[in-house]
Amino acid sequence: MTEHKEDSAEKKSLNFIEAMVEEDIRSGKNHGRVHTRFPPEPNGYLHIGHAKAICLDFGIAERYGGKCNLRFDDTNPTKEDIEFVDSIKEDIHWLGFDWEDREYFASDYFGKLYDFATELIKKGLAYVDDQSSEVMAAQKGSPTEPGTHSPFRERSVEENLDLFKRMNEGEFPEGSRVLRAKIDMASPNMHMRDPVIYRILFHPHHRTGDRWKVYPMYDFAHGQSDFFEGVTHSLCTLEFEVHRPLYDWLVEHLKENDYRPRQTEFNRLNLSYTVLSKRVLLALVNEGHVNGWDDPRMPTLTGLRRRGYTSESIRNFNDSIGYTKVMANNDVGLLEYAVREDLNKKAPRVMAVLNPLKLIITNYPEDKTEEMETINNPEDESMGSRTIPFSREIYIEREDFMEDPPKKFFRLGPGREVRLKSAYIIKCEDYKKDENGEVCEVYCTYDEATRSGGPEAGRKVKGTLHWVSAKHAVEAEVRLYDRLFIDPEPAGHKDKSPVDFLNPDSLKVITGYVEPSLKDAKALDHFQFQRLGYFNVDPDTTPGKLVFNRTVTLRDNWSKRK
RNA sequence: UGACCCGUGGUGUAAUUGGCAACACAUCUGAUUUUGGUUCAGAAGAGUCCAGGUUCGAGCCCUGGCGGGUCAACCA
């Protein structure tokens with residue numbers, strides 16, 4: 001069985017990146033080395049889209065006996081902060097990946113990058129431009145029209161060298177001058193039209209302080225950093241495809257032998273009912289639509305973790321959606337499937353009633369309490385069993401009783417029988433309504449012989465209900481989360497903002513009753529509230545107050561039918 | 001009216017040298033079940049964007065269309 005599974009796993013076809021890597025190994029490119037990197041900018045929290053890249057970068061290295069570096073792409077001090085460095089590292093570790101001692105920063109290479117820029121100037125391949133960004137933009141032309149040369153394009157090497165040095169000495173104000181690569185103002189690729197490679201910035205850098213006054217642009221840092229680190233496969237998302245000629249142009253002028261990194265692009269993650277743009281995520285936090293970056297409704301890794309998603313489920317999800325060059329729209333249902341599949345194996349089953357209705361077993365002794373044995377997880381016997389207290393007064397779910405039930409309703413109603421999970425079969429004899437006409441108490445009788453494990457335990461009844469003993473139950477705050485957006489593509493509307501599609505019911509806070517064994521549950525512990533869904537313990541939990549988050553509901557074929 | 005990239009069930013992927021279009025999710029049946037969960041068995045759903053061409057044979061190769069995406073930040 002296991003052997004068969006491994007067989008089919010090995011036969012799993014390769015994605016285009018794996019195929020390329022295998023071909024590179026076969027042909028001996030870069031001496032058969034495989035070295036990748038994950039290059040986040042420390043300007044925000046990682047989200048599930050980053051997880052897709054992390055799984056690829058670290059996964060490829062793992063699979064082919066290579067290494068994967070963590071490199072912070074910190075070339076823009078105005079946007080970056082050390083705060084994010086720590087959260088990014090925590091999230092990668094949580095996902096289960098490790099960069100060992102290979103933690104780098106693009107800012108480590110500022111010196112080398114500066115020297116390389118100087119080399120380009122000496123070769124006549126870079127020049128200082130004194131024009132404003134507006135003027136340069138106008139000269140750049142358009143995708144269909146070639147650009148025109150800057151009047152500063154033919155400055156002498158000496159003047160360029162002098163100017164660039166003085167730019168870095170803080171002699172010129174921000175925005176007054178840039179260094180540009182001299183490539184081709186008529187190139188059909190806009191990125192090759194003398195791209196800016198250095199700009200002046202006086203904002204202190206979170207690592208290098210005020211040592212530098214000029215900072216390299218992304219294009220002038222990324223490929224070179226790959227080169228300095230010996231990266232062989234530089235994997236990034238599709239929108240960088242048009243940058244590749246520039247990446248290659250720079251590497252060509254940097255290479256010393258036949259080693260060279262190669263950029264390959266894959267499709268970015270798009271998830272239905274979700275927004276992954278950093279700008280929008282920031283707005284959600286700043287405008288108070290969510291309670292911070294770790295709000296369980298956020299697609300950030302810290303939010304998903306708090307929501308109860310396991311790292312395994314996120315990795316499995318990434319495995320299942322694959323890596324291609326197609327603009328894909330992934331169904332968030334697949335992510336929900338992944339977490340259910342994982343938690344089904346791992347989460348202990350417990351009793352919790354979220355919308356309580358009191359049920360009194362009229363023929364059960366008033367002062368009696370029985371300890372009912374119940375299994376912790378039917379999917380995994382090694383998780384053992386525990387006992388839960390049973391008594392005359394219990395809570396059941398309000399939805400599990402109907403005064404006038406339809407035929408297909410398997411639960412409780414007048415005269416109907418139902419099993420209380422791990423306890424007895426009971427029969428509804430009567431019920432009481434309050435002044436508003438709402439059912440407030442249900443009266444049942446129980447059949448002692450039907451106790452779980454008892455002589456008539458095998459008797460079949462249609463429904464099985466979960467329950468908690470009223471006097472033993474523990475109160476808990478339960479946060480019922482739902483999708484943050486009601487639209488499948490909240491960012492896909494030209495004239496509307498994603499905020500217009502926020503789900504007003506994405507969070508409902510209620511008080512429920514849970515079985516007493518949950519009193520000592522620890523933050524982030526996962527449980528299945530039987531028949532309701534998967535829940536985990538929120539870190540807001542204090543010794544006196546339990547707080548649970550709903551990770552995801554169980555699959556539900558009953559409510560779909562309605 | 002540019003360059004580059006991409007078009008396979010509802011969605012996401014697969015089809016290795018050109019050889020019966022496969023898998024997962026979703027959907028729908030049925031069985032099992034002390035969770036309307038899980039598990040198991042099964043069904044329906046594409047003929048591969050279109051039109052040509054090469055070939056005994058094309059999702060795959062060629063040509064031409066059509067559709068979608070990316071690119072004109074001193075962001076990454």
Side-chain angles (χ1 to χ4, degrees), chain A residues 8 11-15 19 39-41 43 73-76 78-80 129 132-133 136-138 140-147 174-180 187-193 195-201 214-215 217-219 221-222 236-245 265 267 272 278 320-331 333-338 340-341 344-345 349 374-375 378-379 408-411 418-423 425 450 452 457-466 528-534 553-561:
Chain A
S8 58
K11 272 178 197 156
K12 194 188 159 203
S13 54
L14 304 176
N15 64 45
E41 182 185 17
N43 71 342
D73 221 333
D74 56 348
T75 57
N76 185 354
T78 66
K79 292 196 174 172
E80 295 146 8
D129 198 323
S132 70
S133 58
M136 289 197 305
K140 211 152 197 180
S142 76
T144 52
E145 299 158 312
E174 284 187 355
S176 63
R177 282 179 168 84
V178 292
L179 184 69
R180 302 175 73 177
S187 170
N189 183 332
M190 299 299 286
H191 294 275
M192 298 299 271
R193 320 247 264 227
V196 172
I197 57 177
Y198 261 98
R199 78 290 213 186
I200 301 169
L201 253 25
V214 290
Y215 290 89
M217 299 290 290
Y218 163 84
D219 284 306
H222 203 98
C236 63
T237 45
L238 247 24
E239 65 269 28
F240 290 102
E241 218 156 21
V242 284
H243 292 243
R244 196 183 338 129
E265 310 85 10
N267 60 348
S272 63
K278 204 169 270 183
S320 68
I321 61 173
Y323 297 86
T324 67
K325 306 191 76 160
V326 184
M327 236 269 291
N329 288 308
N330 296 99
D331 188 344
L334 198 55
L335 178 63
E336 293 170 348
Y337 169 81
R340 284 192 189 106
E341 186 194 36
N344 179 47
K345 294 179 293 193
R349 273 56 169 172
T374 188
I375 196 156
E379 303 298 312
K408 283 282 202 174
F409 188 79
F410 300 155
R411 310 174 190 181
V418 94
R419 174 170 287 282
L420 295 174
K421 171 89 180 164
S422 302
I425 292 177
T450 60
S452 288
R459 219 178 97 200
K460 300 288 179 209
V461 284
K462 274 279 177 90
T464 301
L465 306 188
H466 61 278
Q528 185 197 96
F529 286 4
Q530 224 138 185
R531 301 213 299 137
L532 296 173
Y534 295 99
T553 60
L554 254 29
R555 254 185 77 194
D556 183 0
N557 287 314
W558 166 243
S559 60
K560 263 189 286 196
R561 201 178 291 246

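Computed from a predicted model, the values in this text were never measured in an experiment. We name chains A, B, ... by the order of the sequence lines, and we start the count at 1 in each one.
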**Student:** To check you understand the geometry: which heavy-atom pair defines the closest contact between A:Asp219 and A:His191, and what is its length?
**Tutor:**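 For A:Asp219 and A:His191, the tightest heavy-atom pair comes out as OD2-ND1, 4.5 Å.
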**Student:** Does a side-chain N or O from A:Arg411 land closer than 4.0 Å to OP1 or OP2 of B:G36, or not?
**Tutor:**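 No, outside the criterion.
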**Student:** In whole angstrom, what separates A:Asp331's CG from B:C23's C1'?
**Tutor:**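 Value for this atom pair: 16 Å.
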**Student:** Could you work out, with ring-ring contact (aromatic ring centres under 6.0 Å, His included) as the rule, every residue matching A:Tyr198, not counting sequence neighbours?
**Tutor:**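 Only A:Phe164, A:Phe220 meet the ring-ring contact (aromatic ring centres under 6.0 Å, His included) criterion with A:Tyr198.
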**Student:** Provide a list of protein-nucleic acid N or O atom pairs under 3.5 angstrom, restricted to nucleotides 5-7 of chain B.
**Tutor:**
unit_1, atom_1, unit_2, atom_2, d
B:C5, O2', A:Glu241, OE2, 3.3

**Student:** Please report the distance separating the C1' of B:G59 from the corresponding atom of B:G7, rounded so that it comes out in whole Å.
**Tutor:**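 Nearest-Å result for B:G59 against B:G7 at atom C1': 11 Å.
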**Student:** Please evaluate residues A:Thr75 and A:Glu41 with respect to the criterion side chain to side chain contact (heavy atoms under 4.5 Å, CB included), reporting the C-alpha separation (whole Å), side-chain torsions for both, the decisive distance (0.1 Å), and the verdict.
**Tutor:** CA-CA 8 Å; A:Thr75 57; A:Glu41 182 185 17; 5.9 Å; no
**Student:** What's the CG-C1' distance between A:Asp556 and B:A26, to the nearest Å?
**Tutor:**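 A:Asp556 atom CG is separated from B:A26 atom C1' by 15 Å.
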**Student:** Using atom C1' in both nucleotides, what's the gap between B:G45 and B:G9 to the nearest angstrom?
**Tutor:**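 Their C1' atoms lie roughly 6 Å apart.
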**Student:** Could you work out the separation of B:G64 and B:A46 based on their C1' atoms and round it to a whole Å?
**Tutor:**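 Going atom to atom, C1' in each nucleotide, I get 25 Å.
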**Student:** Classify the nucleic acid contact of A:Lys462 as base, sugar-phosphate or nothing, counting any heavy atom under 4.0 Å across all strands shown.
**Tutor:**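 Nothing, no heavy atom under 4.0 Å.
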**Student:** Is a side-chain donor or acceptor of A:Arg419 paired with a backbone partner of A:Ala457 at a separation under 3.5 angstrom?
**Tutor:**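 It does hold such a pair.
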**Student:** Within the side chain of A:Thr450, is there an N or O that forms a donor-acceptor pair under 3.5 Å with the backbone of A:Ile425?
**Tutor:**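 Present.
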**Student:** By the 4.0 Å heavy-atom rule, please label A:Tyr337 as base, sugar-phosphate, or nothing.
**Tutor:**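 If one applies the 4.0 Å heavy-atom cut-off, A:Tyr337 turns out to touch the sugar-phosphate alone, with no base involved.
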**Student:** In whole Å, measure the gap between the P atoms of B:U1 and B:A58 for me.
**Tutor:**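 B:U1 and B:A58 have their P atoms separated by 37 Å.
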**Student:** Listed by chain and number, what are the side chain to side chain contact (heavy atoms under 4.5 Å, CB included) partners of A:Ile321, not counting sequence neighbours?
**Tutor:**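 Partners of A:Ile321 by the side chain to side chain contact (heavy atoms under 4.5 Å, CB included) criterion, ordered by chain and then number, come out as A:Lys52, A:Leu269, A:Phe317, A:Asn318, A:Asn330, A:Leu334.
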**Student:** Nearest-Å distance, CG (A:Leu14) to P (B:C23)?
**Tutor:**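 My rounded result for the distance is 19 Å.
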**Student:** Could you tell me how far apart A:Glu341 (CD) and B:U39 (P) are, to the nearest whole angstrom?
**Tutor:**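 Whole-Å distance recorded here is 8 Å.
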**Student:** Between B:G57 and B:G18, how many Å separate the two P atoms, rounded to a whole number?
**Tutor:**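 Comparing P positions in B:G57 and B:G18 gives a spacing of 15 Å.
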**Student:** Would you kindly check whether a donor in the side chain of A:Ser452 faces an acceptor in the base of B:U34, or vice versa, at under 3.5 angstrom?
**Tutor:**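 Flag set: donor-acceptor pair detected.
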**Student:** Base, sugar-phosphate or nothing for A:Arg193? Non-hydrogen atoms, less than 4.0 Å.
**Tutor:**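 No contact at all - A:Arg193 keeps every heavy atom at 4.0 Å or more from the nucleic acid.
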**Student:** When the distance from CZ of A:Phe410 to C1' of B:U33 is rounded to whole Å, what number comes out?
**Tutor:**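 Interatomic distance, CZ of A:Phe410 to C1' of B:U33: 13 Å.
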**Student:** Report which part of the nucleic acid A:Asn267 touches: base, sugar-phosphate, or nothing (heavy-atom distance under 4.0 Å, all strands).
**Tutor:**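 Result for A:Asn267 = sugar-phosphate.
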**Student:** For nucleotides B:C40 and B:A76, find the distance between their P atoms and express it as a whole number of Å.
**Tutor:**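 Comparing P positions in B:C40 and B:A76 gives a spacing of 50 Å.
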**Student:** When you check the phosphate oxygens OP1 and OP2 of B:U13, does a side-chain N or O of A:Thr324 lie under 4.0 Å from one of them?
**Tutor:**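 So the side chain of A:Thr324 is within the cut-off, an N or O lying under 4.0 Å from OP1 or OP2 of B:U13.
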**Student:** Please check if the side chain of A:Glu80 supplies one atom and the backbone of A:Asn76 the other of a donor-acceptor pair under 3.5 Å.
**Tutor:**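 Side chain of A:Glu80 to backbone of A:Asn76, a donor-acceptor pair under 3.5 Å: yes, one is there.
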**Student:** So what does A:Ala457 touch, heavy atoms closer than 4.0 Å: a base, only the sugar-phosphate, or nothing?
**Tutor:**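 Answer is base: heavy atoms of A:Ala457 come under 4.0 Å of a base.
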**Student:** Tell me if B:G64 is syn or anti. Syn = glycosidic torsion within 90° of 0, anti otherwise.
**Tutor:**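 Glycosidic conformation of B:G64: anti.
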**Student:** Run A:Phe529 and A:Leu554 through side chain to side chain contact (heavy atoms under 4.5 Å, CB included) and show every step you take.
**Tutor:** CA-CA 9 Å; A:Phe529 286 4; A:Leu554 254 29; over 6 Å; no
**Student:** Within the structure shown, what part of the strands sits under 4.0 Å from A:Gln528 by heavy-atom distance: base, sugar-phosphate, or nothing?
**Tutor:**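 Base contact.
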**Student:** Atom OH of A:Tyr534 to atom C1' of B:U38: distance rounded to whole Å?
**Tutor:**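 Taking OH of A:Tyr534 and C1' of B:U38, I get 8 Å after rounding.
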**Student:** Rounding to the closest angstrom, what is the interatomic distance between B:G42 and B:G53 at atom C1'?
**Tutor:**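 Pairwise C1' distance, B:G42 against B:G53, rounds to 43 Å.
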**Student:** Just to be sure I understand: a Watson-Crick pair is purine N1 to pyrimidine N3 plus N6-O4 or O6-N4, both under 3.5 Å. Using that and G-U wobbles, which stems of three or more pairs involve RNA chain B?
**Tutor:**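 For RNA chain B the paired stretches long enough to count as stems (3 pairs minimum) are B:2-7 with B:66-71, B:10-13 with B:22-25, B:27-31 with B:39-43, B:49-53 with B:61-65.
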**Student:** If you pin A:Thr144 and A:Gly322 to their nearest nucleotides in RNA chain B, which one's is more 5'?
**Tutor:**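 Whichever sits nearer the 5' end wins; that is A:Thr144.
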**Student:** Not counting sequence neighbours, which residues clear salt bridge (charged side-chain N to carboxylate O under 4.0 Å, His left out) with A:Glu241? List them please.
**Tutor:**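 Scan of A:Glu241 (salt bridge (charged side-chain N to carboxylate O under 4.0 Å, His left out), adjacent residues dropped) gives A:Lys325.
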**Student:** For A:Pro143 versus A:Arg193, what's the shortest heavy-atom pair and its separation?
**Tutor:**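 Heavy-atom minimum between the residues: N-NH2, 4.4 Å.
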**Student:** Walk me through whether A:His243 and A:Tyr218 qualify under side chain to side chain contact (heavy atoms under 4.5 Å, CB included).
**Tutor:** CA-CA 10 Å; A:His243 292 243; A:Tyr218 163 84; 4.2 Å; yes
**Student:** Could you tell me which non-hydrogen atom of A:Phe410 sits nearest to which non-hydrogen atom of A:Lys462, and how far apart they are?
**Tutor:**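 Nearest heavy atoms, A:Phe410 then A:Lys462: CD2-CD, 3.7 Å.
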**Student:** Once you round it to whole Å, what is the distance between P of B:A24 and CG of A:Asn330?
**Tutor:**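 Atom CG in A:Asn330 sits about 17 Å away from atom P in B:A24.
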**Student:** Between the main-chain N or O of A:Glu239 and the side-chain N or O of A:Thr237, is there a donor-acceptor pair closer than 3.5 Å?
**Tutor:**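 Judged by distance alone, no pair lies under 3.5 Å.
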**Student:** Atom CG of A:Leu554 and atom P of B:U39: how far apart are they, to the nearest Å?
**Tutor:**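 Distance check: A:Leu554 CG to B:U39 P gives 11 Å.
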**Student:** Enumerate the protein-to-nucleotides 71-76 of chain B contacts in which both atoms are nitrogen or oxygen and the separation is below 3.5 Å.
**Tutor:**
unit_1, atom_1, unit_2, atom_2, d
B:C71, O2', A:His191, NE2, 3.1
B:C74, N3, A:Gly175, O, 3.2
B:C74, N4, A:Gln131, O, 3.1
B:C74, N4, A:Gly175, O, 2.6
B:C75, OP2, A:Arg199, NE, 3.1
B:C75, OP2, A:Arg199, NH2, 2.9
B:C75, O3', A:Arg199, NH2, 3.1
B:C75, O2', A:Asn76, ND2, 3.1
B:A76, OP1, A:Thr75, OG1, 2.7
B:A76, OP1, A:Arg199, NH1, 3.4
B:A76, OP1, A:Arg199, NH2, 2.9
B:A76, OP2, A:Tyr218, N, 2.9
B:A76, O3', A:Asp73, OD2, 3.4
B:A76, N6, A:His243, NE2, 3.3

**Student:** Assign A:Arg419 to base, sugar-phosphate, or nothing according to its heavy-atom contacts below 4.0 angstrom with the strands shown.
**Tutor:**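 The residue A:Arg419 makes base contact.
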**Student:** Distance between the P atoms of B:C71 and B:G65, in whole angstroms?
**Tutor:**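 Each nucleotide's P atom is 25 Å from the other's.
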**Student:** Whether the side chain of A:Asp129 engages the backbone of A:Val178 through a donor-acceptor N/O pair (distance < 3.5 Å, no angle test) should be reported.
**Tutor:**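 No, A:Asp129 side chain to A:Val178 backbone: no donor-acceptor pair under 3.5 Å.
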**Student:** Which part of the nucleic acid, if any, lies within contact of A:Phe409, taking any heavy atom under 4.0 Å across all strands shown: a base, the sugar-phosphate backbone alone, or nothing?
**Tutor:**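 Base contact - A:Phe409 has a heavy atom under 4.0 Å of at least one base atom.
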